[in-house]
Each structure stands twice: as structure tokens, then as C-alpha cells.
Protein chains: 2
Amino acid sequence: MDFRLETFLPYRLNQAAERVSQRFAAQYRARYRMTRPEWRTLAALGTYGRMTATEIGVNSSMHKTKVSRAVRALEEKRWLKRSENADDRRIEHLVLTAGGRRIYDEMIELARAYQAELAHLLGEDGLARLEAGLAAVESGLPAATAWRGPSD
Amino acid sequence: MDFRLETFLPYRLNQAAERVSQRFAAQYRARYRMTRPEWRTLAALGTYGRMTATEIGVNSSMHKTKVSRAVRALEEKRWLKRSENADDRRIEHLVLTAGGRRIYDEMIELARAYQAELAHLLGEDGLARLEAGLAAVESGLPAATAWRGPSD
DNA sequence: GTCAGATGGTTGCAGGTGTAACTGTCGATT
DNA sequence: AATCGACAGTTACACCTGCAACCATCTGAC
């Protein structure tokens, strides 16, 4: 029964994800007191401009409660502003404030530097293989939506 | 400033890990009411026999509080037994009970089947590339130990 | 032997998280 | 216009988690 956790794909992937994320996450946590959902929300808004909470969730694969709390946190930091939509009052448009965009720009700089460092650490072909493997996962496995139809 | 989260390695890896883990985690959660740390602890003990909590933590990359709580949970399920060590009374040796081993065997079966299914979904070369990429991460990046010396 | 520091393991606390239930709004059908 | 179901977003609750502090024990230096 030679099963070893260290060769089990879910375990290995989680480990790798943790290793690759850790130092970067430590940065936005320490420098800006941001959580991961907040960073993702900031990144989405910085990249695409005005979005609704639902759009952010789809774009960044986050559950709507995560988005909701991240939006609140960013709002309290004054990095984001809500504005209501007259046509459909269920929706809130979200935009970065000037201050938010400043943080976003700084974060992008950090992200780029980190990505470059990763590329260096992994080596050119290590990186290429990893990206090819990730592409296979992205196209071969269903998105982890935890989705359920309205009446289930 | 064409930064996109979808191309950022930490994000992609986390997404992939979630996709790959999700269905399997759903199984041990639903069938055995186990958390991930419990499954890892069970797997470690099933594979290596008698271990201490610290050894489990090292082997499965878990913080000691996670291990501690997982051990307690498995003990309450009567799947694991502690026994003290006369030479060093700080240490507890942990072993699966007969019942625990039965669950372990079932889980291994599930794990094998799942791994096979993943291999099929990813395709032969998708899998090969992914594993090569993971190997690069494992050898190129420091383990995410969150370690700190005694006085820091 | 004694004491300081290290080590194995547990626990209190302060957060982050998912689930389900909720509010308010919209759209379609009647 | 009244109603029913869908949808955007929020919240209460229970649970998991990390960190720091803790207790007990061991080890080595003296």
C-alpha cells in the first residue's frame, strides 16, 4: 500500500501554491494590512476600472460573501467608492479612489517584481512546464465554483 | 499597466490547487466528517505507522496547532491512540486504531481513484508538465515554514 | 544539583471563512 | 397592478486558523 501524501496531486499543488504565495501575501499583509480577498478586489478594480461586486467575484473566483467583506474593508480604508446605479438599484458600481489607485500602483510594482523573482527561481523551463501544467488544469477541470442551482 | 490577476502565478496556482482539491475534499468531508488536517494526519499515520505530533507536522507541512487539533479530533473519533514515551515524557506516540486503519484504507482507495481520474482529465503530457513544474517549485522555493527562531 | 534555554504539545483569542437565511430590487407573467 | 421567481448584496452563525502565550519536560553549562 505504498501511498504517500507527498506524491498526491492535491497535496502537492496546495503545498506549491502556499510556497509561491507566502512571501507575496506577507507583503500586502504587513505593508497595507490587506487580506487576500482585499488584494484581489483591489487588483480587479485597478485592472478593469468600474465593476460590480458580482463581476469581481466572477473575475477573481471569489464567493460573494468574500467580495462583500473585502469591499467593505477597502471602503473603510477609503480606497474604494461605491455608487449606485439608477437603472438597477440592486447593483453597486465600485471604483478605486485616488488613494486606492496609488496603493494599486504600488502593489502592481511589487507583483511584477515578485513574478520576475519567481521566474528566476523556477528557471526558464521549470516555469514553462508549470505554466503548461496549470493551463491543463484550467482547461481540463471544472472551475471550483461551489455552485448550486437556485433550488438545491 | 497591463497587469492581470489571471496571469499572476500565485493566483493561478491557488486556483489550480482549489480546483484539483475540491472534489476530493468534498468526499472526506461528507463521508467521514474530516477536515483537511485530519485527513493529512490520518494519511501520515497510515503510511508511516507510529509517529509523534511534531513528526506529522514536518511530514505534512502543518503548523503544530493544526496537528494538535487534528489529533484530538481523530482521537475523539476513536481512530487514533496516544501512548506516552517513558524516555521523554513531553512526547506522545500516535498510532491508528483498527477502526482508524479501516478508514485509512478506504481513503487510500478513494485517493488512488481520484489521482487516476485527475491523470485522465489532465492528459498524459498535461500531467507530466504539471509534475515537472511542481518539482521545480519544490526544489526552487523555500518551504513555507513560517519559521522563526526561538527569540523573535 | 541548579538554572537557563530549548522543545513537545495545548489553549485563548482574535480574526477569516462557508453556509444558509435574509432584505431589497427587478422582470415576466398574469 | 399583483405575484412569483430570480438576482445583488449583507449578515448571523458555526467553524477553522494563526499567533502568542502557556505548561511540562528535557538538556547542557556551570
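Proteins come first, then strands; the chains are lettered A, B, ... in the order of their sequence lines, and each starts at number 1. Remember, predicted model here, so these are calculated numbers, not experimental data.
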Discussion item. In whole Å, I'd like the distance from the CD atom of Glu84(A) to the C1' atom of dC26(C).
Written reply: 15 Å

Discussion item. Expressed as a whole number of angstroms, how long is the span from Met62(A):CE to dT10(D):P?
Written reply: 13 Å

Practice prompt. May I ask you to decide if Ala70(A)'s main-chain N or O and Thr41(A)'s side chain share a donor-acceptor pair within less than 3.5 Å?
Written response: no

Discussion item. Ignoring hydrogens, what is the shortest heavy-atom contact between Ala119(A) and Leu127(A)? Give both atom names and the distance.
Written reply: CB-CD2, 3.7 Å

Fill in: Interatomic distance, Ile91(B) CD1 vs dG9(C) P [rounded to whole Å]
6 Å

When you compare the protein's N or O atoms with those of nucleotides 24-26 of chain D, which come within less than 3.5 Å of each other, and at what distance?
| residue | atom | partner | partner atom | Å |
| --- | --- | --- | --- | --- |
| dT25(D) | OP1 | Arg89(B) | NH2 | 3.2 |
| dT25(D) | O2 | Arg90(B) | NH1 | 3.4 |
| dC26(D) | OP1 | Arg89(B) | N | 2.7 |

Item to complete: Establish, from distance only, whether the side-chain atoms of Glu106(A) and Tyr32(A) form a donor-acceptor pair under 3.5 Å.
Response: yes

Discussion item. How many whole angstroms separate atom CD of Glu92(A) from atom C1' of dC7(D)?
Written reply: 14 Å

Item to complete: Looking only at non-hydrogen atoms, find the nearest pair between Gln115(A) and Leu9(B) and report the distance.
Response: OE1-N, 3.0 Å

Report all interatomic pairs (protein N or O, nucleotide N or O of nucleotides 14-18 of chain C) with separations under 3.5 Å.
| residue | atom | partner | partner atom | Å |
| --- | --- | --- | --- | --- |
| dG18(C) | N7 | Arg69(A) | NH2 | 3.3 |
| dG18(C) | O6 | Arg69(A) | NH2 | 2.9 |

Worksheet item: How many Å lie between CZ on Arg33(B) and P on dA14(D), as a whole number?
Response: 17 Å

Worksheet item: Do Tyr104(B) and Phe3(A) make the cut of ring centroids closer than 6.0 angstrom?
Response: no

Practice prompt. State whether Ser68(A) places a side-chain N or O below 4.0 Å from either non-bridging phosphate oxygen (OP1 or OP2) of dG9(D).
Written response: no

Worksheet item: Should Arg33(A) and Glu38(A) count as an ion pair when the cut-off is N to O under 4.0 Å?
Response: no

Worksheet item: Under 3.5 Å, is there a donor-acceptor pair between the side chain of Ser60(B) and the main chain of Gly57(B)?
Response: no

Discussion item. I need the CG-C1' distance between Leu94(A) and dT10(D), as an integer number of Å.
Written reply: 14 Å

Practice prompt. Specify the residues of residues 49-58 of chain A, ordered by number, for which at least one heavy atom lies under 4.0 angstrom from an atom of DNA chain D.
Written response: Thr52(A), Ala53(A), Thr54(A)

Worksheet entry | Side-chain ion pair, Arg82(B) and Glu75(B), N-O less than 4.0 Å | yes

Worksheet entry | Integer-rounded Å distance: dC16(D) P and Tyr28(B) OH | 12 Å

Worksheet entry | Protein-nucleotide distance (Lys64(B), atom NZ; dA20(D), atom C1'), rounded to Å | 10 Å

Item to complete: For Gln27(B) and Phe24(B), indicate whether the former's side chain and the latter's backbone hold a donor-acceptor pair under 3.5 Å.
Response: no

Worksheet entry | Check: Ala17(B) main-chain N/O paired with Ser21(B) side-chain donor or acceptor under 3.5 Å | yes

Worksheet item: At their closest point, which heavy atom of Arg129(A) faces which heavy atom of Ala132(B), and how far apart are they?
Response: CD-CB, 3.1 Å

